[in-house]
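Heavy-atom basis, side chains included; hydrogens, waters and symmetry copies ignored. In each ligand, atom 1 is the first atom listed, and ligand 1 is the first ligand listed. On a predicted model such as this, the values are computed, not experimentally measured, just so you know.
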Amino acid sequence: MPAMSDGSNPLLRFVHARGPATAVFVDERAVSFAELDDLSAGVAAALDRRGVARGDRAALVLRSSLDGVACLLGCLRRGVVVVPVNPSYQEQEFAHVLADSGAALVIEDEACPALRAALDGRPVVSSRALLAEAPPLAAGDGPVHDDDLALLIYTSGTTGRSKGCAHTVAGLAAGVDALMALWGVTARDVVINALPLFHVHGLCVALLGALSRGAATRLVPRFSPEAVVDAARRGATVFMSVPTMVHRLLGALDDDGAAALGALRLVTCVSAALSAEHLRAFEARTGLTILERYGMSETLITLSNPLDGERRAGAVGWPVPGTLIRVVDDELQVSSPGTMKAYWQRPDADAESFVTEAEGRRWFKTGDVVALDDDGCVRIVGRASQDIMKVGGFKLSTREIEEQIEAHPAVREVAVVGLPDEEWGERVCAVVALRDGATLTLAELQAHVKLAEVKRPRALVLVDALPRNALGKVLKSALKARPAG
Ligand code: MLC
Ligand code: AMP
């Protein structure tokens, strides 16, 4: 594969070129592109010094912060593959991602006991320390090649353990660029980023998308309606949300807050269905119609309602330029430059998820059931599998939670199902059949599940036995319809 024309990552073009213009607002600070360029060059040099080289994986266990952004860009400059990791993980979740990715270095922003317990001898450094190592004249970029991996982002699947989605430099750049062009993002924009930096939405769209167009990002390290309104008042132009945020904003906005949000040029929403009711309520409150889009860790950004023209309630719009879609047996399939190269070291999962046509076009099977309006506008009907849930925009594998609950001595069998939840989209519910004479409370179950907080059961339903079909498969749809068994 040839190197990019100047051997550097195309997403960083503006980071190098915009000089004194503001790249990142965080708290009361305005950090220029030149400053960010220097900070990330320092990180790149520090990586070199530690022997972390192009193609190596660096796990970034970072909250939303300037240091985090600098570390991320430092990796991208040197072709070090970014593996973003949720800092709220517990030991088992960290251990899986670190071992599976083969991370050569772990970068953390604060010492986390669960992470330390999972290191298994891997070197770890704080983002602070890495930045402090920066020499006055730091290393340059690259060489970075089109087909090099840039990002290995883990996502939950139906089988329990999360899988790494391996994205190339060119794929990531193409995916991000197509959407930013569609939404007319320019250097005049300031994007409010209240999202975690360990998912596609906050990392690839809100952060890299903005920086790649020379726009500024206002980091809101912890979402709250007040913080978003404050960010809007300080001159932001775009806010990227998930439905839980919209729900909370609707519950909290006073007239001034609604006016501040109404002055934005664009509010987007993704990651789970935004109800038509919330879209209309937000419109009535702020005068803005939220633009809903659809994407996946595997495909990056796939479908979007239009910037100009009707933003259809309950629908996710049309393919972004360069993306092809088709519907096979009601399932959405995607072929796009932004689709990952492969699941990391999982040819079995690739074989299940990709269909390659005779002429070489690859289609990714999303697992999402869709319906098309007469004019091709896509509506997401749901997931084909009951083994995947979305809580607050986070994708969860019910198998991962079930495996932990099965290990509890009181449990004979368990099924985890997602129950509808107005705020979170879905709520984790454990349906359990107990062993003879055993007892179990929700609090005991929650204490037993050693996973990120968002995966802990919020409801426990005790049943005599799980409903199963003739083949022995648990009928989750029956449980969801009547979870009290
Ligand atoms: C979880 N919690 C619940 C609950 N589910 N509480 C009550 N009822 C439920 N049903 C609690 C947990 O116990 C935990 O508590 C906390 O909520 C979870 O942590 P959190 O998610 O950080 O909560 P919060 O700080 O309130 O933030 C809400 C949020 C956040 C909406 C801001 O969830 C968020 O940032 N979501 C975005 C996820 C995202 O980026 N998705 C995009 C995926 S990429 P405690 O004690 O810890 O507070 C994608 C593809 C694409 O979709 O194209 O972009
Ligand atoms: P993730 O892997 O976390 O990026 O989650 C991707 C999944 O989120 C998709 O396969 C969909 O099931 C869901 N999703 C993303 N955007 C939307 C949306 N706008 N409406 C409904 N579901 C969505």
Side-chain angles (χ1 to χ4, degrees), residues 63-64 84 86-89 153-158 162-163 165 175-176 179 193-209 220-225 227-228 240-249 268-275 279 290-305 311-312 314-317 320 331-332 334 338 340 353 364-370 378-385 388-397 418-429 446 449 451-459:
R63 284 164 216 283
S64 183
N86 181 346
S88 308
Y89 272 175
I153 193 154
Y154 278 77
T155 189
S156 294
T158 52
S162 56
K163 299 190 285 277
C165 304
V176 167
L179 187 74
N193 189 347
L195 295 153
L197 293 186
F198 49 82
H199 277 309
V200 161
H201 195 187
L203 177 67
C204 304
V205 185
L207 178 67
L208 292 177
V220 174
R222 185 153 185 101
F223 169 82
S224 71
V228 169
M240 298 184 185
S241 75
V242 297
T244 304
M245 293 178 178
V246 175
H247 180 270
R248 289 193 190 168
L249 280 164
T268 70
C269 190
V270 70
S271 94
L274 175 70
S275 70
L279 181 112
I290 294 172
L291 184 159
E292 189 171 0
R293 71 162 181 86
Y294 162 97
M296 270 189 108
S297 304
E298 288 90 340
T299 63
L300 303 181
I301 307 103
T302 306
L303 301 159
S304 174
N305 271 286
R311 297 177 190 166
R312 203 165 292 175
V316 290
V320 299
E331 183 194 39
L332 179 70
V334 177
M340 65 179 180
S353 303
F364 178 76
K365 301 198 269 182
T366 63
D368 285 309
V369 177
V370 297
V378 180
R379 292 176 186 272
I380 309 292
V381 176
R383 300 266 331 162
S385 166
I388 288 183
M389 295 175 55
K390 272 264 161 143
V391 176
F394 292 109
K395 189 155 129 189
L396 313 185
S397 154
L419 298 184
D421 186 292
E422 214 199 325
E423 180 176 4
W424 293 90
E426 290 187 282
R427 190 165 67 243
V428 177
C429 173
Q446 287 174 334
V449 173
L451 295 170
E453 195 58 42
V454 72
K455 300 178 185 174
R456 280 191 220 257
R458 302 283 141 189

**Q** So, using salt bridge (Lys or Arg N to Asp or Glu O under 4.0 Å) as the criterion, who are the partners of Arg383 when residues are at least two apart?
**A** Asp368
**Q** Look at Glu426 together with Lys455 and state whether they make a salt bridge at an N to O cut-off of under 4.0 Å.
**A** no
**Q** Calculate, to the nearest 0.5 Å, the distance between atoms OG1 and CZ belonging to Thr302 and Phe364 respectively.
**A** 9.5 Å
**Q** Report the distance from atom OG of Ser304 to atom CG of Leu179, rounding to the nearest 0.5 Å.
**A** 5.5 Å
**Q** Using heavy atoms and a cut-off under 4.0 Å, could you grab the residues that are in contact with ligand 2, chain by chain, numbers ascending?
**A** Thr155, Val270, Ser271, Ala272, Ala273, Glu292, Arg293, Tyr294, Gly295, Met296, Ser297, Val316, Asp368, Ile380, Arg383, Lys390, Lys395
**Q** Ligand 1: which residues have a non-hydrogen atom closer than 4.0 Å?
**A** Leu195, Pro196, His199, Val200, His201, Arg222, Phe223, Val242, Thr244, Met245, Arg248, Val270, Ser271, Arg293, Gly295, Met296, Lys390, Val391, Gly392, Gly393, Phe394, Asp421, Trp424, Arg427, Glu453, Arg458
**Q** Should Ile153 and Ser297 be marked as a side-chain contact (heavy atoms from CB on, under 4.5 Å) after you check the CA-CA gap, both sets of side-chain angles, and the distance that decides it?
**A** CA-CA 7 Å; Ile153 193 154; Ser297 304; 4.2 Å; yes
**Q** Quick one: do Ile388 and Leu396 satisfy side-chain contact (heavy atoms from CB on, under 4.5 Å)? Show the steps, please.
**A** CA-CA 6 Å; Ile388 288 183; Leu396 313 185; over 6 Å; no
**Q** Applying side chain to side chain donor-acceptor pair (under 3.5 Å), name anything that partners Ser88, two or more places apart in sequence or on another chain.
**A** Asn86
**Q** For Arg248 and Glu423, run salt bridge (Lys or Arg N to Asp or Glu O under 4.0 Å): C-alpha distance rounded to whole Å, both residues' side-chain angles, the deciding distance at 0.1 Å, then the answer.
**A** CA-CA 7 Å; Arg248 289 193 190 168; Glu423 180 176 4; 2.7 Å; yes
**Q** Nearest 0.5 Å please: distance from the CE atom of Met389 over to the CZ atom of Phe394.
**A** 13.0 Å
